[in-house]
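Everything quoted here is computed from the prediction, not taken from an experiment.
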Amino acid sequence: MNFLMVALGGGLGAIGRYAISLIPIKSQFPFITLFVNLLGAIFIGFIVGFAESRKMSSNTNLFLKVGFCGGFTTFSTFSLEAFNLINEKSYFLCGIYIALSIVGCLAGILVGKKLATSICG
């Protein structure tokens with residue numbers, strides 16, 4: 001059952017990720033991946049905050065955190081895009097991308113947890 005929950009959540013997360021990637025933004029800067037990863041960080045923070053204040057089944061936790069968030073966010077794409085920026089000698093953009101991704105995602109988790117705490121008590 002655990003594998004099924006992860007697979008179902010991962011499939012839905014991947015579909016969501018793909019749907020967002022269809023937004024027609026043409027830029028050297030990887031805005032879509034940054035947006036997806038920031039949104040995923042907020043969501044996983046919310047899930048953690050919700051789980052701390054409410055009873056969440058292990059199946060739901062696996063479905064949402066490991067499955068959905070794992071399928072939705074993408075470290076491998078982030079890494080490839082950072083690598084490509086280095087290859088293109090766009091060092092400044094690469095540095096901004098890495099900094100925004102790391103700091104932004106950490107802040108997103110905090111925002112999500114605070115949001116869950118304010119909603120769920």
Side-chain angles (χ1 to χ4, degrees):
M1 183 58 109
N2 291 348
F3 287 101
L4 180 61
M5 292 292 105
V6 172
L8 290 173
L12 289 175
I15 289 169
R17 162 87 172 90
Y18 177 69
I20 291 174
S21 76
L22 297 176
I23 297 171
I25 294 178
K26 300 292 182 205
S27 173
Q28 183 182 11
F29 191 83
F31 287 107
I32 296 292
T33 303
L34 179 62
F35 173 75
V36 164
N37 287 338
L38 292 174
L39 188 60
I42 293 168
F43 187 64
I44 202 167
F46 185 86
I47 294 164
V48 169
F50 182 85
E52 288 173 356
S53 64
R54 302 282 170 104
K55 185 79 171 155
M56 182 182 288
S57 74
S58 62
N59 281 342
T60 302
N61 196 34
L62 283 172
F63 176 83
L64 293 173
K65 275 186 5 187
V66 178
F68 184 83
C69 288
F72 184 68
T73 60
T74 174
F75 189 75
S76 58
T77 301
F78 157 77
S79 301
L80 176 62
E81 289 169 344
F83 180 84
N84 288 341
L85 287 170
I86 290 168
N87 269 352
E88 295 166 5
K89 298 188 181 0
S90 297
Y91 304 116
F92 180 74
L93 278 182
C94 183
I96 293 294
Y97 180 49
I98 290 170
L100 284 175
S101 294
I102 293 171
V103 173
C105 286
L106 290 172
I109 290 170
L110 179 65
V111 166
K113 280 190 75 171
K114 297 246 182 228
L115 184 61
T117 302
S118 69
I119 291 172
C120 303

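- Note: Phe46 and Phe50 have parallel aromatic rings, judged against thresholds of 30 and 60 degrees for the angle between ring planes.
- With rounding to the nearest 0.5 Å, the separation of CG in Leu34 from CG in Leu39 is 11.0 Å.
- Hydrophobic cluster membership is shared by Leu12 and Val6, with clusters built from Ile, Leu, Val, Met, Phe, Trp and Tyr side chains linked at under 4.5 angstrom.
- Arg54 contributes a side-chain N or O that, together with a main-chain N or O of Cys120, makes up a donor-acceptor pair within less than 3.5 Å.
- Contact annotation: the side chain of Leu85 approaches that of Pro30 to within less than 4.5 Å [non-hydrogen atoms, C-beta and beyond].
- Looking at heavy atoms from C-beta onward, Met5 lies out of side-chain contact with Asn61 at the 4.5 angstrom threshold.
- To the nearest 0.5 Å, atom CE of residue Met1 and atom CZ of residue Phe3 are 13.5 Å apart.
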> Between Val48 and Ile109, does a side-chain contact (heavy atoms from CB on, under 4.5 Å) hold up when you go through it step by step?
Replying inline: CA-CA 9 Å; Val48 169; Ile109 290 170; over 6 Å; no
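- The line from SG of Cys105 to CG of Leu100 is 9.5 Å long, rounded to the nearest 0.5 Å.
- Hydrophobic clustering places Tyr97 together with Phe31 (ILVMFWY residues linked when any side-chain heavy atoms are closer than 4.5 Å, directly or through intermediates).
- A heavy-atom distance below 4.5 Å is found between the side chains of Ile47 and Met56.
- Residues Ile15 and Leu22 fall into different hydrophobic clusters, defined by Ile, Leu, Val, Met, Phe, Trp and Tyr side chains chained together at heavy-atom separations under 4.5 Å.
- Residues forming a side chain to side chain contact (heavy atoms under 4.5 Å, CB included) with Ser57 (at least two apart in sequence, or on another chain): Asn59, Thr60.
- Between Phe43 and Leu64, some side-chain heavy-atom pair lies under the 4.5 Å cut-off.
- Residues Leu115 and Phe68 share a hydrophobic cluster, clusters being chains of Ile/Leu/Val/Met/Phe/Trp/Tyr side chains in contact below 4.5 Å.
- The shortest distance between side-chain heavy atoms of Ile32 and Ile23 falls below 4.5 Å.
- Note that CG of Asn37 and CZ of Phe72 are 8.5 Å apart. Values are rounded to the nearest 0.5 Å.
- Grouping the Ile, Leu, Val, Met, Phe, Trp and Tyr side chains by contacts below 4.5 angstrom, directly or via other members, places Leu93 with Val36.
- Nearest heavy atoms, Ile44 versus Cys69: CB-SG, 3.8 Å.
- For the residue pair Cys94 and Ile86, the shortest heavy atom distance occurs at SG-CG1, 3.6 Å.
- The two residues Gly71 and Arg17 come nearest to each other via the heavy atoms O-CB, 4.1 Å.
- Considering CG of Leu4 and CG of Leu62, their distance stands at 11.0 Å, rounded to 0.5 Å.
- Annotation: side chain of Leu110 is not in contact with side chain of Lys113 (no heavy-atom distance under 4.5 Å).
- Under the 30°/60° scheme for interplanar angles, the aromatic rings of Phe75 and Phe78 are found to be tilted.
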